[in-house]
Number of protein chains: 2
Amino acid sequence: MATDQLSKVFSALADPTRRDILARLGDGDANVTELAAPFPISLPAISRHLKVLEGAGLITRDRQAQWRTNSLRTESLEEATTWMQHLSHLWDDRFSRLDVHLSAMKQALENTDSDKTDIDKEEDDD
Amino acid sequence: MATDQLSKVFSALADPTRRDILARLGDGDANVTELAAPFPISLPAISRHLKVLEGAGLITRDRQAQWRTNSLRTESLEEATTWMQHLSHLWDDRFSRLDVHLSAMKQALENTDSDKTDIDKEEDDD
DNA sequence: TGGTTAATTAACCCTTATGTTAAATGCATG
DNA sequence: CATGCATTTAACATAAGGGTTAATTAACCA
């Protein structure tokens, strides 16, 4: 199993179901049953996915009554993003061909941060 | 196995050895033996890691003679970074709404003598 | 052709991941 | 206190991941 946090984060993000869950949480907190609804897999499976996300620091969970509210937490995500950008920049520094592409992409994102649709479009639920 | 590209990328990044390899490639192209050198694992293991990285589109490989030059390729990395940033922004957007609420509450708390960080999460959000 | 070097593939082992169903836990309430 | 609802844990099956050593492929060179 992944021992370091970065490995945990990437490992957590490697599953489309978990990415879908995160995207949904980006839209607002939700409990387990609500999160499970759109998926064809069992509740225990979702419960375990949530545990993985929590272990990666990507969500926090709050027991309220018999419900457990799940909330997005972006610190870990940012840590991972930073790592990736650092790598991109290493490469850019050597060849600086992708630099324009990257900057444009970043800028585009910053300009449209209220665009809250279709994060995860590859939908791999079999 | 991960079928979609994004899953493959994150899955590839979930392994510290593979991340180390990528970081090293950020410093310049290298062949398999060179890449394997710093690691305590066998050459076939490294070879397989490289295959995973290639499958995720994170490196390209070029057979030159009996050597295989491995090069970083950042497009996939950027795709993944974009996904993560998008998610972060979704959350930031939501959080900034919450922030107003928090500031108000903080102020209220400062007016009283309480030091508690007992902050309501927004519950009925949509 | 045969030898050397670089890298991969094959066959195997063990651990982890992901799913299932059934049982258990936690909590609210009649 | 029994019942119901939300969620987790247990026990299990199976697939995938990552490592090993041994054998194989590929390219170069004498």
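Lettering follows sequence order; numbering is per chain, from 1.
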**Student:** Specify whether A:Phe10 and B:Phe10 have parallel, tilted or perpendicular ring planes, treating 30° as the upper limit for parallel and 60° as the lower limit for perpendicular.
**Tutor:**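 A:Phe10 and B:Phe10: parallel rings.
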
**Student:** State whether the side chain of B:Arg18 and the backbone N or O of B:Ala12 hold a donor-acceptor pair below 3.5 Å, judged by distance alone.
**Tutor:**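 Pair found, side chain donor or acceptor close to backbone of B:Ala12.
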
**Student:** Given atom CD1 of A:Ile46 and atom P of C:dG19, what is their separation to the nearest angstrom?
**Tutor:**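 Taking CD1 of A:Ile46 and P of C:dG19, I get 8 Å after rounding.
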
**Student:** In residues 47-56 of chain A, what residues come within less than 4.0 Å of DNA chain C, judged by heavy atoms?
**Tutor:**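 Residues of residues 47-56 of chain A under 4.0 Å from DNA chain C: A:Arg48, A:His49.
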
**Student:** Do A:Arg19 and B:Ser7 have side-chain atoms, one donor and one acceptor, less than 3.5 Å apart?
**Tutor:**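 On atom types as modelled, these side chains qualify, holding a pair under 3.5 Å.
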
**Student:** Picking from C:dA7, D:dT7, D:dT8, which would you name as closest to the side chain of B:Thr33?
**Tutor:**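 In terms of side-chain proximity for B:Thr33, the closest of C:dA7, D:dT7, D:dT8 is C:dA7.
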
**Student:** If you check every side-chain atom of B:Leu43, which of C:dT8, D:dT9, D:dG18 has the closest atom?
**Tutor:**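 The listed nucleotide nearest to B:Leu43's side chain is C:dT8.
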
**Student:** Return the value, rounded to whole Å, for the distance between atom CZ of B:Arg68 and atom P of D:dC28.
**Tutor:**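 Going from CZ in B:Arg68 over to P in D:dC28 covers 13 Å.
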
**Student:** Go through D:dG19, C:dA7, D:dG18 for me and flag the one nearest to the B:Thr17 side chain.
**Tutor:**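 The answer is D:dG19.
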
**Student:** Side chain of B:Pro44: nearest nucleotide among D:dT7, D:dT21, C:dA22?
**Tutor:**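 The answer is D:dT21.
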
**Student:** If you write DNA chain D from 5' to 3' in dot-bracket form, with Watson-Crick or G-U pairs under 3.5 Å, [ ] for crossing pairs and | for pairs with another strand, what do you get?
**Tutor:** ||||||||||||||||||||||||||||||

**Student:** Testing the 3.5 Å rule here: is there a donor-acceptor pair between the side chains of B:Thr69 and B:Asp62?
**Tutor:**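 No - no donor-acceptor pair under 3.5 Å links their side chains.
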
**Student:** Between A:Ser42 and C:dG19, is there a side-chain N or O to OP1/OP2 distance below 4.0 Å?
**Tutor:**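 Checking A:Ser42 against C:dG19: no side-chain N or O falls below 4.0 Å of OP1 or OP2.
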
**Student:** Can you tell which of D:dG18, C:dA7, D:dT20 lies closest to the side chain of B:Asp15?
**Tutor:**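 Out of D:dG18, C:dA7, D:dT20, the nucleotide with an atom closest to B:Asp15's side chain is D:dG18.
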
**Student:** Can you tell which of D:dA27, D:dG18, D:dT20 lies closest to the side chain of B:Arg63?
**Tutor:**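 Closest nucleotide to the B:Arg63 side chain: D:dA27.
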
**Student:** To the nearest Å, give me how far apart NZ (A:Lys8) and P (C:dA17) are.
**Tutor:**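 Taking atom P of C:dA17 as the reference, NZ of A:Lys8 is at 10 Å.
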
**Student:** Calculate the interatomic distance between B:Ile21 atom CD1 and D:dG18 atom P; express it in whole Å.
**Tutor:**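 Whole-Å distance recorded here is 11 Å.
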
**Student:** Measure from the side-chain heavy atoms of A:Ala45 and tell me the nearest of C:dT8, C:dG19, D:dT8.
**Tutor:**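 My answer, after comparing the listed nucleotides, is C:dG19.
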
**Student:** What's the closest nucleotide to the B:Ile41 side chain, out of D:dT20, D:dT8, C:dT18?
**Tutor:**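 Selected nucleotide (nearest to the side chain): D:dT20.
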
